[in-house]
Amino acid sequence: MNGSKPNYYAIITADVRYDNRLTANEKLLFGEITALSSSTGECWAGNKYFGELYGKDNRTIRRWVSHLSELGYIDVKLVYKADSKEVDKRIITLGTKVSVPSGQKCPTGEGKNVLDNN
């Protein structure tokens, strides 16, 4: 990353927003991951980037990423250098637990007690 903060929007799904097992910062990190993965579906930002962005150390970021992964909100794939156990890059994608928003939890269409809006 070039050191500048992104200027686009992030999405925090209802599943993540209302999960009491997550801290507010973990929810914010999830939103940042969605913002960084919007065009390709993959986020390649490292712990250092997130740490500098939020003023936290790498261990804290690692804990947040691990917790989001354990709960199924993100999937983390490590790509290793050829013939090595050294990590070349980490790819984060949205997990299978995240539901795609499909509208509000209210019925659509006319209600029986709804007046016309003239």
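All values reported here derive from a predicted model rather than from experimental measurement. Numbers here are sequence positions counted from 1.
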Practice task
Using salt bridge (Lys or Arg N to Asp or Glu O under 4.0 Å) as the criterion, list what pairs up with Asp57, not counting sequence neighbours.
Solution key: Arg59
Exercise for the section: Mark yes or no for whether Glu26, through its side chain, and Thr23, through its backbone, hold a donor-acceptor pair below 3.5 Å. Expected result: yes
Handout entry: Check: Thr93 side chain, Gly41 main-chain N or O, donor-acceptor pair, under 3.5 Å
Key = no
Practice task
State, to 0.1 Å, how close Ser37 and Cys43 come at their nearest heavy-atom pair, and which atoms those are.
Solution key: CB-N, 3.8 Å
Problem - Donor-acceptor under 3.5 Å (Tyr54 side chain, Tyr49 main chain) - result: no
Practice task
Can you sort out the partners of Arg62 under side-chain hydrogen bond (donor to acceptor under 3.5 Å, both in side chains), two or more places apart, ordered by chain and number?
Solution key: none
Problem - Residue list, side-chain hydrogen bond (donor to acceptor under 3.5 Å, both in side chains) with Arg90, at least two apart or on another chain - result: Asn47
Exercise for the section: Check whether any side-chain heavy atom of Leu36 lies under 4.5 Å from a side-chain heavy atom of Phe50, and answer yes or no. Expected result: yes
Completion exercise
Hits for side-chain contact (heavy atoms from CB on, under 4.5 Å) against Lys81, two or more places apart or cross-chain, chain-then-number order -> Ser84, Glu86, Asp88
Handout entry: Non-hydrogen side-chain atoms of Val65 and Leu29 separated by less than 4.5 Å
Key = yes
Exercise for the section: Considering non-hydrogen atoms only, spot the tightest contact between Arg17 and Ile12 and give its length. Expected result: NH1-O, 2.9 Å
Handout entry: Partner residues of Lys27 under the side-chain contact (heavy atoms from CB on, under 4.5 Å) criterion, sequence neighbours left out
Key = Val16, Leu22
Completion exercise
Between Asp19 and Leu71, the two heavy atoms sitting closest are OD2-CD1, 4.1 Å
Exercise for the section: List for me each residue that meets side-chain hydrogen bond (donor to acceptor under 3.5 Å, both in side chains) alongside Tyr80, sequence neighbours excluded, and say none if there are none. Expected result: none
